[in-house]
Amino acid sequence: METLIDSTIEVQQLFSQQKNYAKKLRKTTTQDRIAKLKKLEKLILQYQNQLVEAIYKDFGKPAAETVATEVLPTITEIRHTIKNLKSWLKPKNVSPTLPLLGTTSKVYVEPKGVTLIIAPWNYPFQLAMNPLVSAIAAGNCAIIKPSELTPHTSALLAQLVKELATAEEIAVVEGGVEVSTALLDLPFDHIFFTGSPAVGKIVMRAAAKHLTSVTLELGGKSPVVIDETADLQDTAQKLLWGKCVNAGQTCIAPDYVLVQESVKQPFLEALKKQLDIFYNPQQQGTEQSASLARIVNTKHFQRIGGLIDDAVQRGATVAYGGKRNESSRFIEPTVLTDVNYDMTVMQDEIFGTVLPVLTYKKLDDALAAIDQLPKPLAMYIFSQSQKNIDYLIKHSTAGGTCVNDCLIHIAHPDLPFGGVNNSGIGRSHGYAGFLEFCNQRAVLQQRVGWTSIKLLYPPYTNKVDKLLKLMLDWL
Ligand code: NAD
């Protein structure tokens, strides 16, 4: 393939070219960067139909889902960035403190330089493009390494980027682990990685060799807490959409449910009813649904099937679904009850349309259950009680939280998106994402010759000691 650069030497050459070009790029104006973003927007809209086709070939994703979850978020990110870039790039004034009277201070944002964007397969377009928008806005060069598991989309991405810029500015390098490893060996100025916590650790180790800064957008098990005040039909509808979009292969997909014991049965009934409304409206079986994507490959199909089998073997009940077809990599949305924490389904991120439902009596029991697992990327709360909502937020932690809805907190460009510890480091989207690609340079300028700081200069007489004491007491 023409765009495949699989030798370490070629990757190094590309990196050196970008390193040189980065010096030119840092001088670009707001208007230059906006022009590049507008070109990107135009190309994405031009490529939209091809993208829908490519992702369908990769994992059978319905066209409407591709437009809603790949094209729309990227276009939103571009437009939001274009609208705000002038103010983001403007140096921010900082008022002087008392001892620093006579000085002016500003925070300048400057590009980091040459950046690496490593993307996963599950949203193979937007998770490469959105960080690219931030990289362009901040004035960086970028090398994008898309996932090898979605080859049609990765090839399309490479084609689009070739039309956007020369390789010395932005390049796509296709390939798998070996290419990723060769890239990670280089002294990038920033690495923006989206993927699993396991590979995130490899990325961070590699970055440490050059003290390269990292943004790690990782995954994990995102819990859903439903209390007895929740509107159960509305909850079931929103939760199922969040779980089943992209066939559950979403980093912030609701992973498992903790429902208050008193409403477990009506909740399960609401869930079953909604499953039929969404995916079995003609009663021909969910496999006939044109609204469900497929699992990306056989390895993941077998992994998810294994989670169901392991849970059933250990005593779980399939309350809904359970059908599978390996040849089409179809897994029916499957609701599991009688689940416990010994089951693999409650240990690993599910990343598929399997929904374990557990119960709790008191809110503190739900919080204790969430606490057993690493800090999640997202937490969902369904409740009509503001007191309960506030209590749950105050006594838990998560990268982000959505109350009485699912996934949509990711859609707000002014809400920083990211994880905490195991679910990630750093933030993406909007201004927060832009800042990840910037060095925030603090600049203080002295305006006067004599300043009070001079009173602290040597020799360190009693006068200096007294002044220091005064400062400690009064500043
Ligand atoms: P992955 O970690 O397997 O792969 C991600 C990227 O890393 C790919 O480009 C891959 O080629 C590369 N890679 C894989 N192994 C590598 C290695 N040993 N050394 C160097 N590079 C390597 O992740 P995935 O399976 O593509 O994506 C699924 C994971 O990503 C899930 O955990 C999901 O939650 C997470 N995710 C997070 C977000 C987020 O925004 N936080 C978004 C989407 C997906």
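Here, residue 1 is the first one in the sequence, and each next residue gets the next number. Indexing begins at 1, ligand by ligand and atom by atom, following the structure's order.
Of the listed residues (W121, F351, F59), just one forms a ring pair (Phe, Tyr, Trp, His ring centres under 6.0 Å) with H300, and that residue is W121. Under the side chain to side chain donor-acceptor pair (under 3.5 Å) rule, E169 has a single partner from K24, Q17, Q18, K36, which is K36.
The nearest heavy-atom contact from the protein to atom 26 (O) of ligand 1 is W121 CD1, 2.9 Å. When only non-hydrogen protein atoms are considered, atom 22 (C) of ligand 1 lies nearest to V199 CG1, 3.5 Å. In this structure, atom 36 (N) of ligand 1 lies nearest to the protein heavy atom C251 CB, 3.4 Å. The single protein non-hydrogen atom nearest to atom 32 (O) of ligand 1 is E349 OE1, 2.7 Å, given as residue, atom name and distance. Among all non-hydrogen protein atoms, the one lying nearest atom 20 (C) of ligand 1 is S180 OG, 3.4 Å. Of the protein's heavy atoms, L218 O, 2.6 Å lies nearest to atom 41 (N) of ligand 1. With hydrogens left out, the protein atom closest to atom 23 (O) of ligand 1 is S196 N, 3.5 Å, a heavy atom. The protein heavy atom nearest to atom 5 (C) of ligand 1 is T194 O, 3.7 Å.
The closest side-chain donor-acceptor pair between S213 and K112 falls under 3.5 angstrom. In this structure, a donor-acceptor pair under 3.5 Å is present between the side chains of D364 and Y391.
Atoms of ligand 1 lying under 4.0 Å from at least one heavy atom of I118, given by number and element, are 6 (C), 7 (O), 9 (O). Proximity to L377 (heavy-atom distance under 4.0 Å) selects the following atoms of ligand 1: 41 (N). Interface atoms of ligand 1 facing E217, defined by a heavy-atom separation under 4.0 Å, are 37 (C), 38 (C), 39 (C), 40 (O), 41 (N). Contact atoms of ligand 1 toward G219: 34 (O) (distance under 4.0 Å to a heavy atom of the residue). Residue E148 has at least one heavy-atom neighbour below 4.0 Å for each of these atoms of ligand 1: 10 (C), 11 (O). Residue V177 has at least one heavy-atom neighbour below 4.0 Å for each of these atoms of ligand 1: 15 (N), 16 (C), 17 (C), 18 (N), 19 (N). Close approach to L127 involves these atoms of ligand 1, each under 4.0 Å from a residue heavy atom: 42 (C), 43 (C). Within ligand 1, counting atoms from 1 as listed, the ones closer than 4.0 Å to a heavy atom of N122 are 43 (C), 44 (C).
Atoms CD1 and CD, on I55 and Q50 in that order, are 12.5 Å from each other to the nearest 0.5 Å.
Scanning both residues, I295 and A247, for their nearest heavy atoms gives CD1-O, 4.0 Å. Among all heavy-atom pairs drawn from N340 and R314, the shortest one is ND2-O, 4.2 Å. Between L292 and T286, the closest heavy-atom pair is CD1-O, 4.2 Å.
With a 4.0 Å cut-off on non-hydrogen atoms, V203 does not touch ligand 1 at all. Only the side chain of I202 comes within contact range of ligand 1, with a heavy atom under 4.0 Å; no backbone atom does. Looking at F417 against ligand 1, only its side chain comes within 4.0 Å, counting heavy atoms.
Look at A119 and you'll find a heavy atom under 4.0 Å from some atom of ligand 1. Between F351 and ligand 1 there is a heavy-atom distance shorter than 4.0 Å.
Aromatic pair F301/F330: centroids not less than 6.0 angstrom apart. Here H210 and F188 keep their ring centres 6.0 angstrom or further from each other. Side-chain rings of Y279 and W241 stay apart, their centers remaining 6.0 Å or farther from each other.
Nearest residue to atom 29 (C) of ligand 1 from G195, P120, G220 is G195 (criterion: closest heavy atom).
The existence of a salt bridge linking R324 and E332 is excluded, since no basic side-chain nitrogen approaches an acidic carboxylate oxygen closer than 4.0 Å. A salt bridge between D185 and K209 is present, with a side-chain N of the basic residue lying under 4.0 Å from a carboxylate O of the acidic one.
Closer than 4.0 Å to atom 7 (O) of ligand 1 lies at least one heavy atom of the protein.
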Stepwise side-chain hydrogen bond (donor to acceptor under 3.5 Å, both in side chains) check, E168 with N20: CA-CA 8 Å; E168 60 187 354; N20 277 333; over 6 Å; no
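Polar contact with ligand 1: present for K145 (N/O pair, distance under 3.5 Å).
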